[in-house]
Amino acid sequence: MALSRRKRAKISRGAQYAILLIVVVVFALTANWERIGAAFFDLEIAASLFPDIVSVALVNTLIYTGLGFALGLALGLVLALMRLSTVRVYRWIAGAYIEFFRGLPALLVFLAVGTGVPLAFPGTFFDKYTAVMIALGIVGSAYMAETLRAGIQAVPKGQVEAARSLGMSPGRTMITIVIPQAFKIILPPLTNELILLTKDSSLALFLGSTAGEYELTQFARVALNTNPSLTPFVVAGICYLAITIPLSYLSRYLEKRTGGKKIGTPESTEVSA
Amino acid sequence: MSSTSDLVVEVTDLHKSFGPVEVLRGIDLRVRRGEVVCVIGPSGSGKSTLLRCVNVLEEPTSGTVVVDGTELTDPDVDIDAARGRIGMVFQSFNLFAHLNVLNNLTIAQRKVLKRSQAEAEQIGLANLERVGITGRESAMPNQLSGGQQQRVAIARALSMDPDLMLFDEPTSALDPELVGDVLAVMRRLADEGMTMLVVTHEMQFAREVADRVLFMDDGLVVEEGPPEQVIGAPREERTRTFLSRVLNPTHVPEG
């Protein structure tokens with residue numbers, strides 16, 4: 001006998017809830033909660049991590065990310081302009097750079113900067129902050145260059161024509177008219193880039209450092225040596241989320257704010273003067 | 001040097017191709033100081049391209065453009081300095097979207113003419129008043145109606161003290177009830193003696209304000225003369241066909 005549509009939907013939904021209920025019940029009955037609690041979140045161990053996990057590790061994560069983002073943005077802007085250059089060689093160089101570093105694991109770049117550079121150029125020594133900034137900057141710039149290029153190209157051509165018709169040179173037009181508007185357009189994707197760099201800053205773990213230079217991941221890993229519990233990782237994870245979730249909301253908010261409005265185009269449905 | 005000749009615009013044998021398409025096929029055009037010249041013609045006739053070639057926003061394929069005695073088609077000319085003296089008004093206004101009204105007016109004055117902030121603001125405000133916009137200096141462009149935006153765009157061009165104003169279908173993107181304000185500003189500008197080259201579909205405006213009307217079709221100037229001749233009593237068949245379509249848009253031709 002054929003079921004009505006309403007009946008079929010009811011049965012399907014009921015079955016899904018039943019499966020969920022069974023899984024939860026089985027897990028709750030079989031799990032050793034004490035053990036799990038001790039392994040993942042031991043309040044005593046958690047308390048012992050403070051205040052250093054915030055005052056040292058979180059602060060260092062923010063510093064590494066900030067430095068890497070700043071360098072990445074500056075380098076990315078140069079690459080984006082090279083990519084849009086009328087000189088073919090510049091376009092090639094920028095294109096090769098972007099393809100190269102977007103195609104490599106970030107860890108490889110970190111290891112190359114941390115260990116490869118001192119080997120290749122004896123006498124060159126980067127302190128930890130510089131090394132992380134360079135590595136994060138290189139990784140970030142390859143992605144941000146493409147975002148910036150797209151943003152620059154998204155600025156309506158009429159804006160450039162208006163500026164040029166007023167006697168502004170191409171360079172002046174780029175700096176005073178195009179780039180400010182491009183940044184407004186790409187603020188949401190740039191925020192996402194900042195989130196990615198925050199997470200990638202954990203790779204600083206693979207570059208040697210002293211206790212004062214620990215960021216969240218390394219801090220947690222070292223804490224793990226004295227405490228046989230995953231609690232330090234859980235606390236570090238919460239610290240990361242405290243940075244990334246607000247940023248993600250910010251990105252969505254910015255997207256909503258700029259998404260509906262087209263920049264530079266006249267609005268036809270307006271009341272008269 | 002501008003006083004040596006009363007010719008502001010001198011276009012000679014201008015050709016422009018986009019790829020294989022020849023949009024301008026040999027245009028000659030002279031505009032004297034204080035003259036208002038309107039260019040009319042069907043879409044695709046090349047009239048906007050001609051206008052954009054006058055300040056070399058579009059690079060001509062061949063031919064020469066001389067404005068105020070300076071040959072703009074010379075590759076060694078300081079094109080930015082020349083453009084600073086040629087105001088241009090676009091169909092889509094093109095106000096700088098990230099700047100408020102007053103900054104739209106001052107930015108080129110400061111960066112190109114190197115005027116001080118105070119002087120630029122003073123000149124900008126005076127020109128806003130000239131186009132009938134007051135009290136909206138800090139508004140962003142998208143907070144203004146199309147008619148207001150276009151008048152701000154005119155004020156922006158005027159703030160550079162241009163010797164010549166180019167208008168590229170300035171009212172085509174406007175709602176019908178906003179057209180009048182913009183045309184009134186342009187009419188006043190013409191009365192004040194501004195040299196103007198206007199691409200337009202507003203036949204009434206061309207008839208009343210223009211000293212001379214050019215009818216273009218298919219990349220050539222087909223007919224040229226005073227408005228009462230070109231619009232009132234056209235000699236060329238193509239001009240007549242075009243005008244009857246524009247002036248009686250609901251009329252269906254026979255056959």
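Note that this is a predicted model, so its numbers are computed, not measured. The sequence lines fix the lettering, A, B, ..., with proteins before strands; numbering per chain opens at 1.
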Original post:
Does OH in A:Tyr90 sit with more than 12 non-hydrogen atoms of other residues, nucleotides or ligands closer than 6.0 Å?
Top reply: no
Original post:
Do you know the tightest heavy-atom contact between B:Leu57 and A:Arg164?
Top reply: CD1-CB, 4.1 Å
**OP:** To the nearest 0.5 angstrom, please state how far the CG atom of B:Asp78 sits from the OG atom of A:Ser169.
**Re:** 10.0 Å
Original post:
So do A:Met168 and B:Arg83 actually touch side chain to side chain, heavy atoms under 4.5 Å?
Top reply: no
Subject >> Part of B:Ile86 within contact of chain A (heavy atom distance under 4.5 Å) >> reply: backbone
Subject >> Minimum heavy-atom distance A:Pro180-B:His98, with the two atoms named >> reply: CB-CD2, 3.5 Å
Subject >> Rounded distance (nearest 0.5 Å) linking atom OG1 of A:Thr173 with atom NZ of B:Lys111 >> reply: 11.5 Å
Subject >> A:Phe121 atom CZ, over 12 foreign heavy atoms within 6.0 Å >> reply: no
**OP:** Below 4.5 Å from any heavy atom of chain A, which atoms of B:Arg156 appear? Answer side chain, backbone, both or neither.
**Re:** both
**OP:** Could you tell me the separation between the CD atom of A:Gln181 and the CG atom of B:Leu99, rounded to the nearest 0.5 Å?
**Re:** 7.5 Å
Original post:
Do the non-hydrogen side-chain atoms of B:Asp80 and A:Arg172 ever get within less than 4.5 Å of each other?
Top reply: no
**OP:** Check for a donor-acceptor pair, side chain of B:Asn94 on one end and backbone N or O of A:Ala162 on the other, with a separation under 3.5 Å.
**Re:** no
Subject >> B:Phe90, part contacting chain A, at a heavy-atom distance under 4.5 Å >> reply: side chain
Original post:
For atom CD of B:Glu119, is the number of surrounding heavy atoms from other residues, nucleotides or ligands below 6.0 Å larger than 12?
Top reply: yes
Subject >> chain A-proximal positions within residues 100-108 of chain B [heavy-atom distance under 4.5 Å] >> reply: B:Ile107, B:Ala108
Original post:
Any idea which of A:Thr176, A:Leu166, A:Val155 has the most non-hydrogen atom pairs under 4.5 angstrom with chain B?
Top reply: A:Leu166
